[in-house]
Amino acid sequence: MAAPLELSCWGGGWGLPSVHSESLVVMAYAKFSGAPLKVNVIDNTWRGSRGDVPILTTKDNIVSQPAKILNFLRKQKYNADYELSARQGADTLAYIALLEEKLLPAVLHTFWVENDNYFTVTKPWFASRIPFPLSLILPGRMSKGALNRILLTRGEPPLYHLREVEAQIYRDAKECLNLLSHRLGTSQFFFGDMPSTLDAYVFGFLAPLYKVRFPKVQLQEHLKQLSNLCRFCDDILNSYFRHSLGDG
Amino acid sequence: MSLVAEAFVSQIAAAEPWPENATLYQQLKGEQILLSDNAASLAVQAFLQMCNLPIKVVCRANAEYMSPSGKVPFIHVGNQVVSELGPIVQFVKAKGHSLSDGLDEVQKAEMKAYMELVNNMLLTAELYLQWCDEATVGEITHARYGSPYPWPLNHILAYQKQWEVRRKMKAIGWGKKTLDQVLEDVDQCCQALSQRLGTQPYFFNKQPTELDALVFGHLYTILTTQLTSDELSEKVKNYSNLLAFCRRIEQHYFEDRVLKKHSRWYFQEWLHRTET
């Protein structure tokens with residue numbers, strides 16, 4: 001607990017501490033569990049690595065991937081799920097699976113595959129935070145990775161065509177948002193009054209979709225109609241991230 | 001399927017009642033079918049039994065290629081073909097049968113979330129074990145997958161499928177996982193299912209839903225399939241309420257069919273190999 005915890009992640013914009021879903025999940029969880037994280041935002045100097053972000057470094061360990069980082073923080077006694085019952089813990093796993101299977105493909109598509117969005121917003125943003133000449137290569141690679149993931153998990157072999165898949169993934173994502181809205185209802189957080197791992201994941205996935213200004217906005221429009229989810233994101237931003245809202 | 005096509009299919013589906021000659025297609029039971037496909041097929045069979053809809057199971061070596069989405073099982077009802085549990089549940093609902101109508105919105109959300117948990121963790125772990133664990137691939141999967149085809153087609157098809165599955169594993173971040181980590185994930189998933197089930201007979205108390213069918217399909221298949229080691233089934237056996245759950249569904253919905261035959265495939269092969 002004494003060793004300083006440093007998190008390398010992508011920076012913020014549009015009122016968010018980070019525009020990258022996975023980084024945001026870890027930052028939110030750290031705030032909820034009270035873990036003292038020193039956040040190192042990736043910029044366009046050559047300092048630090050860029051692969052597999054977010055990365056947590058301590059004196060002896062390097063941990064990547066949100067699930068592993070959260071596990072590590074829990075082992076260090078920073079546990080946001082302390083108050084949850086066993087059944088609520090099981091529900092957390094199930095809802096995270098729902099987010100990854102139903103919502104993530106459409107979020108990836110909105111950010112990385114939809115041409116208007118990618119070329120006008122996502123690529124310039126990331127390229128400005130990556131040193132030249134890597135800035136010419138890395139965003140393209142991230143975009144291909146996103147497309148790959150969508151096609152391999154939702155496309156139908158042996159022909160992997162995006163058009164067939166697009167309608168389905170947006171429909172699934174809208175259904176997922178509706179389900180989350182029903183589940184949240186009028187509560188402040190998903191399990192009562194204290195935020196937990198599930199709140200961190202939902203916030204991480206929803207907040208970039210909610211706040212980043214895109215030209216093609218069909219999923220964003222749907223999210224904005226679910227007022228309790230928007231209120232959920234705004235509450236967390238105002239309560240836990242007020243000080244870092246100044247970063248761009 | 002596009003939105004218009006789906007709406008069209010739903011309309012046609014609603015127009016006709018469930019026929020007596022509905023059939024379910026899967027790969028050959030004895031020599032060909034793999035763990036994950038058998039789990040999926042059993043889940044659909046359990047779901048249809050729970051809805052009281054008659055279905056005949058037909059085994060074809062090329063079932064995977066006949067399927068409209070490339071995945072098994074698929075059902076042939078009237079003049080329509082529908083594959084995979086999700087679309088089949090929708091199709092059956094269009095015909096007026098549903099197991100989850102009595103649930104409220106929050107319960108429906110929970111049901112869908114747990115179904116995704118099974119798909120995300122259990123099914124992916126099964127695929128990993130079958131296609132990415134060298135021991136299982138060499139001893140069981142390659143031989144079974146290509147068994148209906150002559151040389152060299154059997155090898156080519158098996159390698160092609162293996163390559164496809166490994167690409168997918170890499171894309172979702174499972175490429176670098178070790179077998180122990182995968183088994184850990186299975187344990188976590190079973191623990192979550194066990195905690196959610198608690199002491200209830202089914203996941204939503206008195207009546208089974210498609211979630212019960214899906215969980216039964218996967219757990220029963222894991223428990224009764226002989227693999228190179230017992231580690232996978234041991235993870236499930238740790239949870240007694242899950243074992244009781246499987247036994248309960250087997251007794252209520254499959255008592256007139258000898259389900260135990262399914263467990264003989266791998267066992268017979270293993271026996272044959274040890275004798276020769």
Side-chain angles (χ1 to χ4, degrees), chain A residues 22 52 64-68 71 84-105 108 144-160 163-164 166-168 170-172 175-185 187 190 198, chain B residues 1-6 64-65 67-71 83-84 86-87 104-124 160-161 163-173 176-177 181 184-185 188-198 200 203 211:
Chain A
E22 298 187 337
D52 267 0
S64 64
Q65 291 182 7
K68 290 195 195 146
N71 260 347
L84 295 187
S85 69
R87 164 124 175 216
Q88 288 172 326
D91 284 355
T92 301
L93 269 187
Y95 277 101
I96 292 176
L98 184 70
L99 285 174
E100 282 183 0
E101 292 283 312
K102 296 280 181 190
L103 187 59
L104 181 61
L108 285 177
K144 275 208 195 72
L147 180 60
N148 226 14
R149 181 170 176 151
I150 295 174
L151 288 179
L152 284 177
T153 50
R154 307 309 289 277
E156 294 157 8
L159 305 164
Y160 295 102
R163 234 169 305 121
E164 297 158 10
E166 262 174 29
Q168 180 68 41
Y170 275 101
R171 203 160 4 133
D172 284 344
E175 196 198 336
C176 179
L177 291 176
N178 292 343
L179 292 176
L180 287 174
S181 181
H182 283 302
R183 175 61 184 78
L184 181 63
S187 323
F190 278 90
L198 181 58
Chain B
M1 233 200 279
S2 71
L3 289 170
V4 174
E6 258 203 41
E64 214 179 342
Y65 302 103
S67 161
S69 73
K71 301 211 171 76
S83 63
E84 295 182 78
D104 63 38
E105 291 301 329
V106 175
Q107 286 175 315
K108 280 196 187 143
E110 250 188 62
M111 181 184 79
K112 297 221 160 103
Y114 275 93
M115 285 176 79
E116 289 312 320
L117 180 66
V118 173
N119 284 333
N120 196 340
M121 282 201 172
L122 270 189
L123 177 62
T124 316
Q160 184 186 48
K161 182 79 180 180
W163 180 77
E164 244 175 61
V165 173
R166 285 198 176 172
R167 259 181 88 199
K168 179 175 164 181
M169 292 290 143
K170 214 169 127 193
I172 59 175
K176 298 213 181 79
K177 283 200 182 185
Q181 286 171 330
E184 255 306 301
D185 285 343
Q188 231 190 359
C189 181
C190 291
Q191 190 183 36
L193 290 172
S194 174
Q195 279 163 352
R196 176 62 182 80
L197 182 64
Q200 297 170 135
F203 278 92
L211 172 62

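Every chain is numbered from 1, with letters handed out A, B, ... down the list of sequences. Keep in mind that this is a model prediction, so the values were computed, not measured.
- For the residue pair B:D185 and B:Q181, no side-chain donor N or O sits within less than 3.5 Å of a side-chain acceptor on the partner.
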Report task. Could you please spell out the steps behind the side-chain contact (heavy atoms from CB on, under 4.5 Å) verdict for B:M111 and B:M115? Result -> CA-CA 6 Å; B:M111 181 184 79; B:M115 285 176 79; 4.3 Å; yes
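- The residue among A:L104, A:L179, A:L99 with the most heavy atom pairs within less than 4.5 Å of chain B is A:L179.
- Residues A:E175 and B:K108 are not paired through a salt bridge, judged by the lack of any N-O separation under 4.0 Å between the basic side chain and the carboxylate.
- Of the listed residues A:K102, A:E101, A:Q65, A:R183, the one with more heavy-atom pairs under 4.5 angstrom with chain B than any other is A:E101.
- For the set B:K168, B:R196, B:Q191, the count of heavy-atom pairs under 4.5 angstrom toward chain A peaks at B:R196.
- Checked by atom type and distance alone, the side chain of B:Q107 pairs as donor or acceptor with a backbone atom of B:D104 at under 3.5 Å.
- By number of non-hydrogen pairs under 4.5 angstrom with chain B, the leading residue of A:G185, A:G145, A:A90 is A:A90.
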